[in-house]
Amino acid sequence: MKRARQSYWEDELYSQQCDVLIVGAGLTGLSTALFSKRMNPKARVVVLERGVYPIGASTRNAGFACIGSITEHLADLELDSENQLKKRIKARFNGLHLLRTTLGDQNIDYDDCGGWEIFTDHTEFEKASHQVERFNNWMEQLIGEKEVYQVGKFEGYPAIFNWVEGALHPGKMMKTLIELNVKEGVELRWQTAVKHIDVEKGSVIGENGEQWFSETLVLATNAFTNHLSQKKEIKPGRGFVFVTSPLKELSWKGTFHYDKGYVYFRNLGEDRLLIGGGRNVDYDAETTDEFGINEAIKKYLINYVNDVLTLPKGWKIDREWSGIMGFTASKSPSLEKIGAKTWQVAGLSGMGVALGMALGKSAAERL
Ligand SMILES: Cc1cc2nc3c(=O)[nH]c(=O)nc-3n(C[C@H](O)[C@H](O)[C@H](O)COP(=O)(O)OP(=O)(O)OC[C@H]3O[C@@H](n4cnc5c(N)ncnc54)[C@H](O)[C@@H]3O)c2cc1C
């Protein structure tokens with residue numbers, strides 16, 4: 001169908017000046033919008049999203065409400081300073097609290113189940129368990145909770161339990177957040193892909209030629225940010241997840257991490273297993289913002305389910321999908337002004353369920 005030229009009347013709908021214009025309706029963009037509107041109820045806050053619903057990471061993640069396993073923290077210390085890592089752990093803990101209190105535990109199926117890190121390599125386990133006291137001291141100092149990490153066993157594997165973690169339903173999380181935005185007067189424009197931005201003028205051009213102007217433009221496009229701005233590089237990273245059909249009984253109850261957080265799995269209810277990760281198996285191929293399934297990673301996770309989780313023969317994959325994360329070099333998200341009228345809030349580095357809402361709120365406070 002040939003695209004109709006915009007009418008005089010349609011200017012009222014589409015070509016108006018906004019106070020705050022946000023590109024990307026993921027958890028970060030919608031949280032920026034919600035808190036911007038709450039801080040300034042008279043402001044016109046508009047969110048532009050390319051999909052009929054958000055299509056990046058927020059609706060495609062695994063739903064772990066986590067602050068990090070010990071081997072993940074140790075790996076992060078190789079990328080970043082102790083000080084920065086401590087800040088991030090605190091931000092994850094506080095971010096989850098903000099998310100839960102803003103949306104309501106019952107609306108997002110929050111499950112206070114804690115999180116296990118399991119080990120198949122005894123040396124790795126010894127190394128991590130020697131760090132338990134150190135990280136428990138950190139936690140007491142950062143979040144005021146004692147004995148957060150506890151050494152134990154799960155299904156015969158040496159393990160470390162973290163009682164402050166949990167799980168949630170990402171679909172319900174985003175549905176509740178969308179409804180809250182609409183209720184509070186944020187304007188959402190679906191199927192509006194942005195093709196070009198002017199960071200100095202705060203204007204954008206959509207793929208059908210529509211133009212938007214704003215006092216403040218916010219890029220909340222996470223992994224896809226480099227298509228619109230190259231000012232602060234965000235590296236994409238694809239993640240793979242699959243869910244099994246209901247099993248007779250799944251003894252793995254709760255949430256689990258393995259190998260620095262590269263593999264994660266949980267019992268979804270109905271005794272279905274969700275498992276994801278394995279990006280490190282084919283790291284270069286997964287440094288992409290194209291959705292798709294990497295067969296080598298799928299095979300690695302299937303073998304993991306058979307050999308480590310020892311699910312009874314005959315289990316089946318019911319659903320599989322990929323999502324795209326955005327990484328910064330240090331793994332700390334970027335919240336920066338990248339032009340006279342433009343902010344970038346991206347690079348949640350695979351921790352966005354915990355960090356996304358709080359980052360959006362900080363962005364709203366800074367605008
Ligand atoms: C497989 C997987 C598992 C994960 N598991 C967890 C987990 O268990 N716990 C956890 O804390 N984190 C997890 N994460 C990370 C978490 O989901 C992300 O960090 C978080 O959702 C990022 O939110 P965001 O809003 O910044 O980005 P996104 O959700 O990616 O939102 C960006 C939005 O921008 C839109 N967009 C992009 N370009 C344009 C354009 N040109 N015009 C208009 N719109 C555009 C996209 O369509 C998208 O909706 C996981 C991620 C993946 C992929």
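Please read these numbers as outputs of a predicted model, since none were measured by experiment. Read the numbers this way: they start at 1 and go in the same order the structure lists the ligands and their atoms.
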Asker: Which residue and atom name correspond to the protein heavy atom nearest atom 42 (N) of ligand 1, and how close is it?
Answerer: Val194 N, 2.9 Å
Asker: Parallel, tilted or perpendicular for Phe135 and Tyr149, by the 30°/60° rule?
Answerer: perpendicular
Asker: Let's go through Lys253 and Asp271 carefully: what are the C-alpha distance in whole Å and the side-chain angles of both, what is the deciding distance for salt bridge (Lys or Arg N to Asp or Glu O under 4.0 Å) to 0.1 Å, and is it a yes or a no?
Answerer: CA-CA 8 Å; Lys253 298 204 189 310; Asp271 285 329; 3.4 Å; yes
Asker: Of the protein's non-hydrogen atoms, which lies at the shortest distance from atom 9 (N) of ligand 1, and what is that distance?
Answerer: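 Looking at atom 9 (N) of ligand 1, the protein heavy atom closest to it is Phe64 O, 2.9 Å.
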Asker: Going from OG1 on Thr216 to NZ on Lys337, what distance comes out if it is rounded to the nearest 0.5 angstrom?
Answerer: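 NZ of Lys337 is found 7.5 Å from OG1 of Thr216.
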Asker: Under a single-linkage definition using a 4.5 Å side-chain heavy-atom cutoff for Ile, Leu, Val, Met, Phe, Trp and Tyr, are Ile160 and Val148 assigned to the same hydrophobic cluster?
Answerer: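 Both belong to a single hydrophobic cluster.
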Asker: What protein heavy atom sits nearest atom 30 (O) of ligand 1, and how far off is it?
Answerer: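 So the nearest neighbour among protein heavy atoms is Ala57 N, 3.0 Å.
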Asker: Counting each atom of ligand 1 from 1 as listed, which ones have a heavy atom of Val23 under 4.0 Å away?
Answerer: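 Listed by number with element: 42 (N), 43 (C).
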Asker: Hey, which atoms in ligand 1 end up nearer than 4.0 Å to a heavy atom of Gly63?
Answerer: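 This gives 8 (O) as the contact atoms.
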Asker: Using only atom types and a distance under 3.5 Å, with no angle test, would you say the side chain of Thr101 pairs donor to acceptor with the backbone of Leu98?
Answerer: yes
Asker: So among Leu79, Leu74, Asp76, which one has a side-chain contact (heavy atoms from CB on, under 4.5 Å) with Leu85?
Answerer: Asp76
Asker: Report yes or no: does Gly51 have a heavy atom closer than 4.0 Å to ligand 1?
Answerer: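 Judged by the 4.0 Å heavy-atom criterion, Gly51 does not count as contacting ligand 1.
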Asker: I need the single residue from Thr221, Val194, Asp289 that forms a side-chain contact (heavy atoms from CB on, under 4.5 Å) with His227. Which is it?
Answerer: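 With His227 as partner, side-chain contact (heavy atoms from CB on, under 4.5 Å) holds for just one option, Asp289.
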Asker: Could you find the nearest protein heavy atom to atom 27 (O) of ligand 1 and give me its residue, atom name and distance?
Answerer: Asn222 CB, 3.2 Å
Asker: Numbering the atoms of ligand 1 from 1, which are under 4.0 Å from a heavy atom of Gly24?
Answerer: 33 (C), 34 (O), 35 (C)
Asker: If I apply the N/O under 3.5 Å rule, does Gly352 come out as touching ligand 1?
Answerer: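 Right, the criterion is met.
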Asker: Give me the nearest non-hydrogen protein atom to atom 38 (N) of ligand 1 as residue plus atom name, then the distance to 0.1 Å.
Answerer: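 Answer, as residue, atom name and distance: Thr221 CG2, 3.5 Å.
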Asker: If you count every heavy atom of other residues, nucleotides or ligands that lies below 6.0 Å from Glu82 atom CD, does the total exceed 12?
Answerer: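 Yes, CD of Glu82 has more than 12 neighbouring heavy atoms, counting only those of other groups under 6.0 Å.
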Asker: Can you tell me which residue and heavy atom of the protein come closest to atom 43 (C) of ligand 1, and the distance to 0.1 Å?
Answerer: Arg50 N, 3.3 Å
Asker: Give a yes or no answer on whether the side chain of Asn61 reaches the backbone of Ser58 with a donor-acceptor pair at less than 3.5 Å.
Answerer: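 Indeed, once roles are kept as given, a pair shorter than 3.5 Å links the two residues.
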Asker: For Arg319, does the CZ atom sit with more than 12 other heavy atoms under 6.0 Å from it, leaving out its own atoms?
Answerer: no
Asker: For ligand 1, find out whether one of its N or O atoms is nearer than 3.5 Å to an N or O atom of Leu27.
Answerer: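 Among all N and O atoms of Leu27, at least one is under 3.5 Å from an N or O of ligand 1.
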Asker: Once you measure the plane-to-plane angle for Trp116 and Phe256, does it fall in the parallel (<30°), tilted (30-60°) or perpendicular (>60°) bin?
Answerer: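 Answer is parallel, since the angle falls under 30°.
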Asker: Touching ligand 1 at all, Thr192? Heavy atoms, strictly under 4.0 Å?
Answerer: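 So Thr192 counts as touching ligand 1.
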Asker: Taking a cutoff of less than 4.0 Å between a non-hydrogen atom of the residue and any ligand atom, is Ala223 in contact with ligand 1?
Answerer: no
Asker: So is Arg60 polar-close to ligand 1, meaning N/O to N/O under 3.5 Å?
Answerer: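 Between Arg60 and ligand 1 (N or O atoms, distance only) the closest approach is not under 3.5 Å.
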Asker: What I want to know is whether Ile55 and ligand 1 share at least one N or O pair that is separated by under 3.5 angstrom.
Answerer: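 Between Ile55 and ligand 1, an N or O pair is found under 3.5 Å apart.
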Asker: Which ligand 1 atoms, with their elements, are less than 4.0 angstrom from a heavy-atom of Pro54?
Answerer: 49 (O)
Asker: Quick one: which ligand 1 atoms are inside 4.0 Å of a heavy atom on Gly350?
Answerer: 10 (C), 12 (N), 13 (C), 14 (N), 15 (C)
Asker: If you define the side chain from C-beta out and look only at heavy atoms, does anything of Thr287 sit under 4.5 Å from Tyr283?
Answerer: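 Answer yes - side chains close enough.
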Asker: Relative to the heavy atoms of Phe224, which atoms of ligand 1 are at a distance of less than 4.0 Å?
Answerer: 37 (C), 38 (N)
Asker: Once you round to the nearest 0.5 Å, how far does CD1 of Ile70 lie from CZ of Phe125?
Answerer: 10.0 Å
Asker: Test your reading of the structure: does Tyr264 have an N or O sitting under 3.5 Å from an N or O of ligand 1?
Answerer: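 Not met; the criterion fails.
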Asker: Note the single closest protein heavy atom to atom 21 (O) of ligand 1, along with its residue, its atom name and the distance in Å.
Answerer: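 Checked against all protein heavy atoms, atom 21 (O) of ligand 1 sits closest to Ser58 OG, 2.9 Å.
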Asker: Would you say Tyr53 has more than 12 foreign heavy atoms packed within less than 6.0 Å of its OH?
Answerer: no
Asker: My understanding is that we take every heavy atom of each candidate and find the minimum distance to atom 2 (C) of ligand 1. Doing that for Thr59, Ile197, Asn61, Thr225, which one comes out nearest?
Answerer: Asn61
Asker: Work out which heavy atom in Ala354 is nearest to a heavy atom in Cys66; give both atom names and the distance.
Answerer: CB-O, 3.8 Å
Asker: Looking at ligand 1, would Trp321 count as a contact under a 4.0 Å heavy-atom criterion?
Answerer: no
Asker: Look only at interatomic distance and state if Gly323 has a nitrogen or oxygen under 3.5 Å from any nitrogen or oxygen of ligand 1.
Answerer: no
Asker: Could you say whether the N/O atoms of Glu49 and ligand 1 ever approach to under 3.5 Å?
Answerer: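 Among all N and O atoms of Glu49, at least one is under 3.5 Å from an N or O of ligand 1.
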Asker: Using a 6.0 Å cut-off, check whether atom NZ of Lys90 has over 12 heavy atoms from anything other than its own residue.
Answerer: no
Asker: Please state which protein non-hydrogen atom is closest to atom 51 (C) of ligand 1 and give its distance, to 0.1 Å?
Answerer: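 Ranked first by proximity to atom 51 (C) of ligand 1 is Met325 CG, 3.4 Å.
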Asker: Given that the side chain starts at C-beta and the backbone is N, CA, C, O, which of these parts of Ile324 lies under 4.0 Å from ligand 1, counting heavy atoms, or is it both or neither?
Answerer: backbone
Asker: Does Val241 reach ligand 1 with a nitrogen or oxygen that is under 3.5 Å from one of the ligand's nitrogen or oxygen atoms?
Answerer: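 No, since none of the N or O atoms of Val241 sits under 3.5 Å from an N or O of ligand 1.
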Asker: Does Ala354 come within less than 4.0 angstrom of ligand 1, counting non-hydrogen atoms of the residue?
Answerer: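 Judged by the 4.0 Å heavy-atom criterion, Ala354 does count as contacting ligand 1.
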Asker: Taking atom NZ as the centre, does Lys87 end up with more than 12 heavy-atom neighbours from other residues, nucleotides or ligands that are less than 6.0 angstrom away?
Answerer: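 At most 12 heavy atoms, drawn from other residues, nucleotides or ligands, come within 6.0 Å of this atom.
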